[in-house]
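Residue numbers start from 1 in every chain, and the chains themselves are labelled A, B, ... in the order their sequence lines are given, proteins ahead of strands.
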Amino acid sequence: MVMCVLDADYIVRDGKPIVRLYVKTSEGAGIELVEGVEPYFYALPVADAKVLSEELGGLSGVVRVEEKHMVDNGDPVDVVKVFASIPKDVPQLREAVLRLDSCRGYREADIPFARRYIIDSGIVPMDGSDQVELNVASVDIEVASGGEPNANRHPVAMISYADSRGLKRVWVAGKDNPGLEYVEAVGSEGEMLEKLVETVRTQEINIITGYNSDNFDFPYLKDRAEKNNVKLNLGFDGSEVRMERRGMNMGARVAGRPHVDMYPVCRQVFNLPRYQLEDVYESLFGERKLDIKVSQITEFYESEDSEKFKILCEYSMADAVATLKIALRMLPLMYELSKVIRQPVYETARMGSGQRVEYLLIDEAYKQGIVVPNRPGDREYGDRDDSPYEGAFVVDPVKGIHDNIVLFDFRSLYPSIIISHNVDPSKLDCDCCEGKAPRAPNNHHFCLEGVGFIPGVLKGLLDRRVSLKAEMKSEEDLERKSLLDVEQQAMKLLANSMYGYYGFQRARWYCRECAEAIAGWGRKYIQKTIKIAESKGFNVVYGDTDSVYITKSGLEDVDEIIRVAKDFQKEINAELPESMELEFEGFYPRGVFITKKRYALIDTQGKLTVKGLETRRRDWCDAAKSTQQKVLDALLRDRDPDKAAETVREMVQRIKSGEVPLSELTINTQMTRNIGGYVSEGPHIAAARKAMKAGMDFKQGDIITYVVTKGSGSNIGDKAVVVDFAEEGDYDPDYYVNNQVLPAVLRILEALGYQEDELKGLGRQTSLGDW
DNA sequence: TACCAGAGGAG
DNA sequence: AAATCCTCTGGTA
């Protein structure tokens with residue numbers, strides 16, 4: 001029978017911890033109790049483990065000890081496993097142990113008990129998630145506050161709910177049903193909350209989701225529940241929703257029914273200009289969902305017109321449905337990550353890359369009898385070198401248009417370097433291979449004997465990915481194929497994070513020398529590739545980190561160009577270490593290179609690829625971006641500069657006429673710190689300040705969407721206004737022409753050899769002359 | 001004009 | 001709480 005472990009926690013009974021595994025099987029959901037699990041950590045002896053064992057025996061709080069042979073940073077080490085009676089005792093006990101004369105340190109005393117149990121027992125969380133039916137429900141609330149909602153003053157206006165079993169509900173209190181089958185009118189706010197809890201229970205929900213529900217819906221519901229003397233006991237065990245601090249943000253934990261907030265998940269997985277529910281929904285499903293303005297929530301709620309109230313209900317329902325749809329699309333990736341790193345999905349969905357890599361490594365360390373390094377304390381963190389180290393090599397591009405470009409890149413360059421050079425902290429600068437092992441450009445070397453811990457883990461990930469991809473090829477069932485694809489993506493994500501992890505100063509397996517060596521070897525390989533390409537008569541027009549764009553002058557025939565390029569590729573690959581490979585990535589009939597990291601290409605299918613240019617950036621307005629895109633299209637596809645010029649002229653005209661809608665003029669810029677944390681404030685902060693004075697709330701991480709209005713003042717910031725406060729037609733045409741559209745297109749045209757003054761005419765809409 | 005902080009992209 | 005390299009803007013002196 002398949003048993004999917006959704007979540008784990010523990011309770012203490014009679015002074016003993018009991019692990020609770022929340023599971024779902026084909027029979028339904030349940031809790032498995034595991035008794036006899038002992039909390040523990042390791043004590044490191046100064047010299048003799050026996051002496052330490054004896055001394056530990058006399059320490060109060062120590063239940064028992066066990067001497068163990070383990071491996072620490074590649075070397076055998078004797079440790080004493082110290083058992084405590086309950087997990088809460090560990091923090092105090094570890095400090096007491098540290099004070100013993102025969103103890104030089106402790107390890108693994110900060111791994112949460114239930115999560116530790118998952119690792120030690122070999123349980124794979126979410127395994128079987130595709131074989132048992134997981135019921136997913138999304139929850140969304142509306143508050144009619146007229147401004148920023150405040151749980152002390154504003155009740156919940158409505159709660160909307162949608163689940164994967166097809167049930168939809170909108171609960172409203174003290175209002176008539178406007179005639180929608182999913183609306184249920186109840187008497188009070190408290191009853192709405194009770195309805196939600198009851199429905200989650202009767203629908204046997206396993207996964208709860210929301211959009212920004214960690215920081216809004218659940219804390220709000222919790223506060224209101226308290227005010228109404230109602231318990232928000234959504235937990236499978238009947239427990240209430242618990243708010244936890246997780247770094248900068250909050251997490252709403254529901255025992256046994258993992259709550260996954262889609263907002264942070266989408267921010268992590270997608271690259272979008274904005275991450276409002278509407279934006280994510282549209283980019284995922286290519287359609288817009290019903291949307292209303294924030295100010296309309298209160299207006300429609302308080303309106304006597306029942307049609308308006310009906311629209312509000314429909315909007316709220318649409319939010320819950322959209323969130324559910326997003327969740328059903330995104331959760332499989334979270335489940336797969338959860339499986340690989342062997343942590344509950346609630347935790348996994350809230351982790352960054354560093355933490356995910358770390359738990360993967362902790363799990364592997366346990367399997368191999370390796371003692372996990374401690375997280376750096378404040379002291380060690382401060383001692384770690386925080387100066388930047390030399391990273392990747394970037395070729396200054398040959399600016400302008402090139403025809404018939406061949407792109408090669410190294411497959412998984414950094415992971416393959418880690419594996420082929422055995423880059424691991426325990427293999428760093430061994431005596432045995434001094435002079436024998438190849439030196440990295442930072443002059444360090446790595447032991448040739450035995451596979452390092454991290455290279456081994458990484459090889460496991462890459463091998464698994466290769467076999468998944470092979471399985472995918474022969475798989476005909478599309479559903480199964482997409483599951484394999486998601487699993488493959490999880491492997492890739494983790495493999496690609498390993499290099500960054502080495503350079504991460506808060507990492508347990510931090511190794512600056514390793515990170516530098518990897519980057520250094522990366523530079524060496526790409527530079528060597530460039531050199532050989534040039535010696536073979538190719539022109540290297542651009543390259544970045546692991547890629548080279550080459551052309552061949554004198555050859556007209558495309559097949560011939562690709563043939564000679566592939567000969568060159570073969571030659572490179574013959575010289576590379578086994579796990580490394582230069583791959584043919586594509587052929588482009590034409591491309592334009594502006595500067596490092598900024599260029600555009602067109603492929604044989606006529607598809608444009610744009611990198612780094614304004615088109616790709618959220619902090620430029622659509623008017624500028626779409627004009628730039630059209631210019632690139634005209635130049636690369638139609639090879640028609642006149643058409644490009646016409647496009648620009650039209651947009652300049654439209655802007656000057658004042659007819660461009662604000663939606664084409666908004667600029668999105670993230671507030672990367674809290675207001676007050678700025679030494680110098682750009683237009684987005686100026687706009688945010690004004691909006692905050694008017695009652696809006698902005699915090700670190702929010703994306704400010706603003707427009708530059710006619711306004712007055714010498715700075716752009718003086719005229720920048722958050723879009724909600726702007727009127728259609730009120731925008732500064734000079735700014736949009738001179739600071740948005742023209743710079744974006746002029747850079748491209750200049751790279752093509754047009755003179756600036758010759759192009760300036762564009763702005764004045766004079767004759768374009770004969771360029 | 002030169003410089004800096006800030007932002008967001010590439011790989 | 002993954003890394004560095006790089007371009008560009010807006011504000012200021």
Looking for any heavy atom pair under 4.0 Å, which part of the strands does [X] touch: base, sugar-phosphate only, or nothing?
X        : result
A/Arg747 : sugar-phosphate
A/Phe410 : nothing
A/Gly247 : nothing
A/Tyr599 : sugar-phosphate
A/Arg673 : sugar-phosphate
A/Arg616 : sugar-phosphate
A/Phe393 : nothing
A/Arg350 : sugar-phosphate
A/Asn739 : sugar-phosphate
A/Gly682 : nothing

*In terms of ring plane angle, is the pair A/Tyr525 and A/His421 parallel, tilted or perpendicular, where the classes change at 30° and 60°?*
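Judged by the thresholds at 30° and 60°, the geometry between A/Tyr525 and A/His421 is tilted.
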*Going by number, which of residues 501-517 of chain A have a non-hydrogen atom under 4.0 Å from DNA chain C?*
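Only A/Gly503, A/Phe504, A/Arg506 qualify.
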Nearest to side-chain heavy atoms of [X], which nucleotide of [options]:
X        : options               : value
A/Asp544 : B/dA10, C/dG10, C/dT4 : B/dA10
A/Arg617 : B/dG8, C/dC5, C/dG11  : B/dG8
A/His684 : C/dC5, B/dG9, B/dG6   : B/dG6
A/Trp620 : B/dG6, C/dC8, B/dG8   : C/dC8

_Whichever of A/Gly500 and A/Ala392 has its nearest DNA chain C nucleotide further upstream toward 5'_ =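 This one resolves to A/Gly500.
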_Residue closer to the 5' end of DNA chain C, A/Ser680 versus A/Asp396 (nearest nucleotide)_ =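 The answer here is A/Asp396.
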Would you indicate, yes or no, if [N] has its OP1 or OP2 atom less than 4.0 angstrom from a side-chain nitrogen or oxygen of [X]?
X        : N      : value
A/Asn271 : B/dG8  : no
A/Arg598 : B/dA10 : no
A/Asn496 : C/dA2  : no
A/Lys597 : B/dA10 : no

For the pair made of [atom1] in [X] and [atom2] in [N], what is the distance, rounded to whole Å?
X        : N     : atom1 : atom2 : result
A/Lys625 : B/dG9 : NZ    : C1'   : 12 Å
A/Asp619 : C/dC8 : CG    : P     : 13 Å
A/Tyr542 : C/dC6 : OH    : P     : 9 Å

*Confirm from the modelled atom types if A/Ser353 and C/dA2 form a donor-acceptor pair under 3.5 Å, side chain to base only.*
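A donor-acceptor contact between them is present.
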*Identify, with sequence neighbours excluded, every residue that meets side-chain contact (heavy atoms from CB on, under 4.5 Å) alongside A/Arg274.*
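A/Arg274 satisfies side-chain contact (heavy atoms from CB on, under 4.5 Å) with A/Gln276, A/Asp279, A/Asn668, A/Ile703, A/Thr705 only.
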*Would you indicate whether the side-chain heavy atoms of A/Val707 and A/Tyr735 approach each other to under 4.5 Å?*
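The answer is no; the side chains never approach within 4.5 Å.
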Got a salt bridge between [X] and [Y], using NZ or NE/NH1/NH2 to carboxylate O under 4.0 Å?
X        : Y        : result
A/Asp463 : A/Lys459 : yes
A/Glu358 : A/Arg375 : no
A/Lys611 : A/Asp544 : no

For residues 388-400 of chain A, dump all side-chain donor-acceptor pairs below 3.5 Å to protein atoms at least two apart in sequence or in another chain.
from     : atom 1 : to       : atom 2 : distance (Å)
A/Tyr389 : OH     : A/Tyr499 : OH     : 2.9
A/Glu390 : OE2    : A/Arg523 : NE     : 3.3

*Check the side chains of A/Glu244 and A/Tyr346 for a donor-acceptor pair under 3.5 angstrom, ignoring hydrogens and angles.*
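There is such a pair between these side chains.
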